[in-house]
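All remarks here apply to the structure that follows.
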Amino acid sequence: MARHSFIQMSKLPNVKGRISYITSHAKQENLYATYRTADNTFWKNLARESQQEFQRSGTTGKCIEARELIIALPEIYTTFGPQQVLEEFTDKFRQQYGVECVSALHHNKRKTNYHIHLIFSERKLLPEPDIKIATRGV
């Protein structure tokens, strides 16, 4: 079957909800593999801190906590091990851009679109927490 390749990028105002959706066997009929480069604590803190910073900025609209790429794969990729395909792709993206990721590999319901969902943070995971203490009043 011939496929059209595509890449779609979306802004995510609810990164935890989207991660839950793309990685859930209950919500995805044809889910073959999932992969994370950071644990749930990172994504929870990212969402909280993004929302706090958005509130402080006074900006209107929606807070963007992360971004998602949906990448259609050629049919030939169905012949390779799904976990290996997903991990190699995600690790290469992480290495190239220095960001944490969550990814999932699956088909759509009709099995006509084999694709990767790749959620990534625009913020970097620090090796050590950067704790700031206000000096005013001292």
Side-chain angles (χ1 to χ4, degrees):
M1 171 186 306
R3 287 187 195 249
H4 300 287
S5 62
F6 70 88
I7 295 179
Q8 172 186 334
M9 185 181 308
S10 303
K11 297 174 183 177
L12 300 178
N14 178 3
V15 70
K16 294 185 305 180
R18 187 64 178 164
I19 289 170
S20 175
Y21 179 75
I22 70 165
T23 60
S24 169
H25 284 282
K27 296 176 182 169
Q28 303 297 327
E29 290 179 1
N30 304 302
L31 178 62
Y32 305 117
T34 62
Y35 184 56
R36 297 169 183 263
T37 64
D39 62 13
N40 285 338
T41 302
F42 170 80
W43 296 101
K44 181 178 130 188
N45 290 339
L46 173 73
R48 185 188 74 244
E49 290 172 16
S50 294
Q51 291 293 338
Q52 288 172 348
E53 189 173 306
F54 183 77
Q55 294 289 328
R56 281 192 299 268
S57 74
T59 306
T60 59
K62 291 184 179 181
C63 173
I64 305 307
E65 298 173 355
R67 293 186 186 263
E68 176 184 19
L69 291 172
I70 301 174
I71 304 131
L73 299 175
E75 187 67 25
I76 189 72
Y77 279 85
T78 61
T79 63
F80 304 121
Q83 193 66 44
Q84 182 181 359
V85 167
L86 188 60
E87 287 183 21
E88 286 182 12
F89 191 93
T90 304
D91 286 340
K92 180 69 174 170
F93 187 89
R94 180 181 186 218
Q95 178 185 7
Q96 179 74 33
Y97 298 104
V99 294
E100 299 305 323
C101 306
V102 173
S103 54
L105 177 64
H106 58 91
H107 267 113
N108 61 344
K109 289 181 182 181
R110 296 184 329 203
K111 289 194 173 186
T112 58
N113 181 2
Y114 194 58
H115 59 279
I116 293 174
H117 289 263
L118 179 72
I119 294 174
F120 62 96
S121 165
E122 294 180 299
R123 296 179 181 204
K124 296 187 179 191
L125 179 61
L126 299 174
E128 296 294 325
D130 185 12
I131 300 171
K132 297 179 183 178
I133 301 172
T135 58
R136 61 185 168 265
V138 175

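Numbering starts at 1 and runs along the sequence shown. Below, each value reflects all heavy atoms present in this structure, side chains not excepted, and no hydrogens, waters or symmetry copies.
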* Residue pair Y32, H107: steps toward the ring pair (Phe, Tyr, Trp, His ring centres under 6.0 Å) verdict -> CA-CA 8 Å; Y32 305 117; H107 267 113; 5.6 Å; yes
What distance separates [X] [atom1] from [Y] [atom2], expressed to the nearest 0.5 Å?
X: F120; Y: R94; atom1: CZ; atom2: CZ; result: 14.5 Å
X: I116; Y: L73; atom1: CD1; atom2: CG; result: 4.5 Å
X: S103; Y: I22; atom1: OG; atom2: CD1; result: 7.0 Å
X: L105; Y: Q28; atom1: CG; atom2: CD; result: 11.0 Å
X: C63; Y: Q52; atom1: SG; atom2: CD; result: 10.5 Å
X: R18; Y: L12; atom1: CZ; atom2: CG; result: 7.0 Å

Is there a donor-acceptor contact under 3.5 Å linking the side chains of [X] and [Y]?
X: T37; Y: E100; value: yes
X: Q51; Y: Q55; value: no
X: T112; Y: N108; value: yes

* To do: Give the C-alpha distance, both sets of side-chain angles, the deciding distance and a yes or no for side-chain contact (heavy atoms from CB on, under 4.5 Å) between M9 and L69.
  => CA-CA 5 Å; M9 185 181 308; L69 291 172; 3.7 Å; yes
For [X] against [Y], the heavy-atom pair lying closest together:
X: T34; Y: Q83; value: O-NE2, 3.0 Å
X: C101; Y: V99; value: SG-O, 3.7 Å
X: K27; Y: S20; value: NZ-OG, 4.1 Å
X: I64; Y: A66; value: CG2-O, 3.4 Å

* To do: Mind jotting down which residue pairs meet the ring pair (Phe, Tyr, Trp, His ring centres under 6.0 Å) criterion with at least one end in residues 64-88? Sequence neighbours excluded, please.
  => Y77-F80
* Asked: What pairs meet the ring pair (Phe, Tyr, Trp, His ring centres under 6.0 Å) rule with one or both residues in residues 54-74, with sequence neighbours excluded?
  -> none
* Asked: With ring centroids as reference points, do Y114 and H106 lie under 6.0 angstrom apart?
  -> no
* **From CA spacing to verdict: side-chain contact (heavy atoms from CB on, under 4.5 Å), N113, F6** => CA-CA 10 Å; N113 181 2; F6 70 88; 3.6 Å; yes
* Does any N or O in the side chain of N45 come within less than 3.5 Å of the main-chain N or O of R48, such that one atom is a donor and the other an acceptor? -> no
* To do: Taking S50 for its side chain and A47 for its backbone only, find out whether a donor-acceptor pair lies under 3.5 Å.
  => no
* Positive for side-chain hydrogen bond (donor to acceptor under 3.5 Å, both in side chains) with Y35, one of T23, T90, D91 -> D91
* **Worked check of ring pair (Phe, Tyr, Trp, His ring centres under 6.0 Å) between F93 and F89** => CA-CA 6 Å; F93 187 89; F89 191 93; 7.3 Å; no
* Verdict with reasoning, I19 to I119, per side-chain contact (heavy atoms from CB on, under 4.5 Å) -> CA-CA 8 Å; I19 289 170; I119 294 174; 3.7 Å; yes
* Compare all side-chain heavy atoms of L31 with those of H25 and state whether any distance is below 4.5 angstrom. => yes
* Are the side chains of K92 and E88 in touch, meaning some heavy atoms are under 4.5 Å apart? -> no
* **Stepwise side-chain contact (heavy atoms from CB on, under 4.5 Å) check, H115 with I70** => CA-CA 7 Å; H115 59 279; I70 301 174; 3.7 Å; yes
